[in-house]
Amino acid sequence: DAGITQSPRHKVTETGTPVTLRCHQTENHRYMYWYRQDPGHGLRLIHYSYGVKDTDKGEVSDGYSVSRSKTEDFLLTLESATSSQTSVYFCAISEKYEQYFGPGTRLTVT
Amino acid sequence: DQQVKQNSPSLSVQEGRISILNCDYTNSMFDYFLWYKKYPAEGPTFLISISSIKDKNEDGRFTVFLNKSAKHLSLHIVPSQPGDSAVYFCAASYTGNQFYFGTGTSLTVIP
């Protein structure tokens, strides 16, 4: 299995609070991704990174920001969490085409 | 607008029989297609892929077929086993670094 960890694995937070999710890889892959999984929507791309400090938006980027200061770490920040951001968040890595996913973070915004 | 669609939310198959999971796409620029398998409380795992220059790719019990004219791909699992019970996602890309996923099909293999 690819070395990808996500932290925290579960989080409950209140509306309006900031939240940061962390993805860490040990594979030295160039690309890193953040997805959210919701019933009826499958996996939707939030943001991705193609190198240190190089990031781009995905299809559902509103309300989210990312940072990648090191090859191995990709952070997803919800500046002010809303109930619509309750979801399961997956990080993924790739060099080309095939992606390897982390175990996921279940976030609940109350 | 969903560019990759899996119109069957669920599928049940008897053990030993063939499972066929379908996926349709709308963007003719897609040139690479992948299938992922997901168990509950785990991340998706890569299963099999196919380039648009091919129409078939096999890996053991898993075969993916691509029909470019119909913008349709399918995953065949033969023979189906109870351990294949999972949610299957198809995905497509035209850049090699940005992927579009379907909504998933939940496969149940009945012993």
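Throughout, protein chains are lettered first and strands after them, A, B, ... in sequence-line order, and every chain is numbered starting at 1.
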(request) Check whether more than 12 heavy atoms from other residues, nucleotides or ligands sit under 6.0 Å from atom CZ of B:Arg61, and answer yes or no. (result) yes

Nearest heavy atoms of [X] and [Y], plus distance in Å:
{"X": "B:Leu34", "Y": "A:Tyr97", "answer": "CD2-O, 3.7 Å"}
{"X": "A:Gly40", "Y": "B:Thr103", "answer": "O-CG2, 3.3 Å"}
{"X": "A:Glu59", "Y": "B:Tyr100", "answer": "OE2-CD2, 4.5 Å"}
{"X": "B:Gly43", "Y": "A:Phe90", "answer": "CA-CE2, 3.4 Å"}

Report which part of [X] has an atom under 4.5 Å of a heavy atom belonging to chain A: side chain, backbone, both, or neither.
{"X": "B:Ser49", "value": "side chain"}
{"X": "B:Tyr36", "value": "side chain"}
{"X": "B:Ala91", "value": "neither"}

(message) What I want to check is whether the side chains of A:Tyr31 and B:Gln98 have a donor and an acceptor closer together than 3.5 Å.
(response) no

Would a hydrophobic clustering, with Ile, Leu, Val, Met, Phe, Trp and Tyr connected at side-chain separations under 4.5 Å, put [X] with [Y]?
{"X": "B:Phe65", "Y": "B:Phe89", "value": "no"}
{"X": "A:Ile46", "Y": "A:Leu75", "value": "no"}
{"X": "B:Ile48", "Y": "B:Ile20", "value": "no"}
{"X": "A:Val19", "Y": "A:Val60", "value": "yes"}
{"X": "B:Tyr39", "Y": "A:Val88", "value": "no"}

(message) Can you tell me which portion of A:Arg9 sits under 4.5 Å from chain B's heavy atoms? Options are side chain, backbone, both or neither.
(response) side chain

(message) Is A:Leu45 in contact with chain B via its backbone, its side chain, both, or neither, using a 4.5 Å heavy-atom distance?
(response) side chain

(message) Just so I understand: if I count every heavy-atom pair under 4.5 Å between each of A:Gln37, A:Glu95, A:Arg106 and chain B, which residue has the most?
(response) A:Gln37

(request) Measure from the ring center of A:Tyr35 to the ring center of B:Phe101 and say whether it is less than 6.0 Å. (result) yes

